[in-house]
Amino acid sequence: MRPLSDAATWWHNAVIYQLYPLSYADGDGDGTGDLGGIIQRLDHLTDTLGVDAVWLSPFYPSPLADHGYDVADYTDVDPRFGDLANFDRLVDEAHRRGLRVIVDWVPNHTSDQHPWFVQSRSSADNPRRDWYYWRDPKPDGSPPNNWVSSVRGSAWEYDEASGQYYLHSYLPQQPDLNWRNPAVRAAMLDVLRFWLDRGVDGFRIDVAHRIMKDPQLRDNPTNPDRISDYYKPINDEYLSQRHIHDRAHPDVHGVYRQIRALLDGYDGDRMAMGEIHLADLADWAAFYGTQSDELHLALNFWLTGAAWTPTAIREAVEAVEAALPQGAAPTLVLGNHDYHRLASRIGQAQARIAAMLLLTLRGAPLIFQGDEIGLTDVAVPEDRRRDRFGEPGGRWSRDGARTPMQWTSGPHAGFSPAHTEQTWLPLSPDYERNNVQAQLDDPASLLWLYRRLITYRTASPALLDGSYASVGGVPHACLAYLRKAGSDAVFVALNFGDEPQEVDLPGAGVVALSTAGTRNETVEGSVRLAANEGVCVELS
Ligand code: GLC
């Protein structure tokens with residue numbers, strides 16, 4: 001057991017593990033993960049990996065149209081996952097192990113089954129009508145404006161009973177809340193208080209930039225160059241517009257200032273990190289606030305869409321560093337439950353480079369559940385698909401990255417008890433070979449590399465809090481940078497290619513860590529990298 005870090009700014013450099021509750025561990029044998037299962041497997045996060053915080057994707061009551069991102073009650077636990085007593089136990093157990101707990105907060109929309117929406121929909125004069133966006137059709141019966149959903153088609157759904165449309169930026173089962181209504185704001189801030197009072201250390205804010213829209217709901221202009229300002233695989237219709245009116249209205253910053261004040265009013269160490277999909281880095285960075293008075297961390301998604309080359313990565317890191325307000329910590333996301341698996345995008349050899357990159361850049365690294373054992377996308381057969389964002393019959397679906405965690409080579413990969421009929425999504429066929437236990441038994445595994453990197457980082461002032469500077473003049477296949485805090489300097493060199501390379505060093509040092517195994521050798525003037533090898537050199 002280790003104590004909780006008492007640093008008021010623990011989130012600045014915390015290693016955060018994104019846990020997808022449906023697929024982490026199934027304690028009760030119904031084929032879906034649950035809080036009991038998470039408690040049983042907390043040691044993986046603390047003893048094996050040694051991360052600082054866990055972010056739990058939604059576990060709230062939900063019809064699961066969007067797998068929990070359609071919340072039907074913000075202040076309870078879905079019975080599939082357990083109950084509030086299980087949640088309290090989870091927080092206690094995590095804190096006892098020195099692990100912070102971050103929960104997902106989904107402010108842009110509720111489920112269409114949420115009592116607020118059920119009431120809002122019940123009649124045009126219901127007091128909750130204005131909690132959502134209801135508008136009359138245009139004279140020709142078409143939707144009130146040209147906004148399109150991030151999933152597909154118009155963002156407006158017609159309601160026969162009242163003859164009006166309601167707005168949904170995602171699925172029709174996810175109606176958008178009207179954040180301009182003070183009662184909505186008050187109710188949603190109460191949700192934050194509810195979880196803060198239960199002891200959570202922070203929130204991950206779902207699509208944080210979307211909650212404020214143009215007050216007049218004006219049409220978006222077209223996007224003739226089809227330049228994507230979104231880092232997700234996005235549909236053509238969405239790409240056909242410039243999204244200047246349907247999200248990120250400047251009034252959004254007032255909301256985050258209010259939330260920051262609320263968090264600061266607690267013990268001073270509660271945090272919020274926002275999912276911000278805005279390609280304009282000034283717009284993105286604005287979510288930190290002008291005086292560190294908004295979000296603690298604004299997640300940046302540039303690397304999820306960038307080519308996996310040293311040049312593209314260097315450009316992204318430098319641009320993000322340059323855009324950050326003074327004193328702010330970055331988070332460059334490599335993957336999550338919305339993207340193809342990291343190892344599928346870049347291959348297993350480069351997944352080791354990605355691990356070193358992630359854990360040696362400045363800021364708070366996010367590890368998506370399963371990436372630490374190199375899980376790849378699973379080909380989920382049509383009849384077992386769950387994700388409604390993918391086109392029916394289409395190739396793309398997010399299910400492939402959401403399959404159950406592979407713990408052992410036993411029945412259901414140790415995810416569900418042996419007697420379980422079927423796991424909610426199919427397991428990867430490789431689970432007998434690739435699982436946590438097998439990787440624990442192999443010190444050369446990716447899991448051991450993650451573990452070593454986290455241990456090393458935790459003891460390194462340069463990696464925790466040091467400055468970042470790119471290093472030029474290295475071979476094209478390589479990326480090199482220097483992290484420095486006082487006299488502590490770590491030179492990171494990563495080889496993205498299949499050929500060995502030699503990288504010049506600004507002096508002498510010791511290879512403290514390699515993605516390829518133990519080296520522990522002294523180097524001077526240059527360091528040799530094998531194909532697909534990355535090293536951390538401690539400069540003397
Ligand atoms: C976020 C979530 C994604 C969800 C969407 C709508 O992008 O990460 O899973 O579908 O918001 O809530």
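All heavy atoms count here, side chains included; hydrogens, waters and symmetry mates do not. Just follow the structure's listing: the first ligand is 1, and inside any ligand the first atom is 1.
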Query raised in the report: Based purely on interatomic distance, does Tyr170 place a nitrogen or oxygen under 3.5 Å from a nitrogen or oxygen of ligand 1?
Result: no

Query raised in the report: Taking the minimum heavy-atom distance to atom 3 (C) of ligand 1, which of Asp338, Val106, Asn336, Val207 ranks first?
Result: Asp338

Which atoms of ligand 1 are found less than 4.0 Å from any heavy atom of [X]?
X	value
His109	6 (C), 12 (O)
Asp66	4 (C), 5 (C), 6 (C), 10 (O), 12 (O)
Phe389	10 (O)

Report task. Under the salt bridge (charged side-chain N to carboxylate O under 4.0 Å, His left out) rule, collect the residues that match up with Asp201, sequence neighbours excluded. Result -> Arg100

Query - His67 contact mode with ligand 1 (heavy-atom cut-off under 4.0 Å) - result: neither

Query - Side chain, backbone, both or neither: the part of Arg210 lying under 4.0 Å from ligand 1 by heavy atom - result: neither

**Report entry** Point-to-point distance, once rounded to the nearest 0.5 Å, from CZ of Phe117 to OG1 of Thr110
**Finding:** 7.0 Å

Requested in this report: Kindly check if the number of other-residue, nucleotide or ligand heavy atoms within 6.0 Å of CZ (Arg89) is above 12?
Outcome: no

Is ligand 1 less than 4.0 angstrom away from at least one heavy atom of [X]?
X	result
His277	no
Arg204	yes
Arg398	yes
Arg402	yes

Report task. Could you tell me which residues satisfy side chain to side chain donor-acceptor pair (under 3.5 Å) with Asp30, sequence neighbours excluded, listed by chain and number? Result -> Thr32

Query raised in the report: Can the ring centroids of His412 and Tyr431 be said to lie less than 6.0 angstrom from one another?
Result: no

Check this for me: does any side-chain nitrogen of one of [X] and [Y] sit under 4.0 Å from a carboxylate oxygen of the other?
X	Y	result
Arg402	Asp399	no
Asp66	Arg388	no
Glu294	Arg260	no

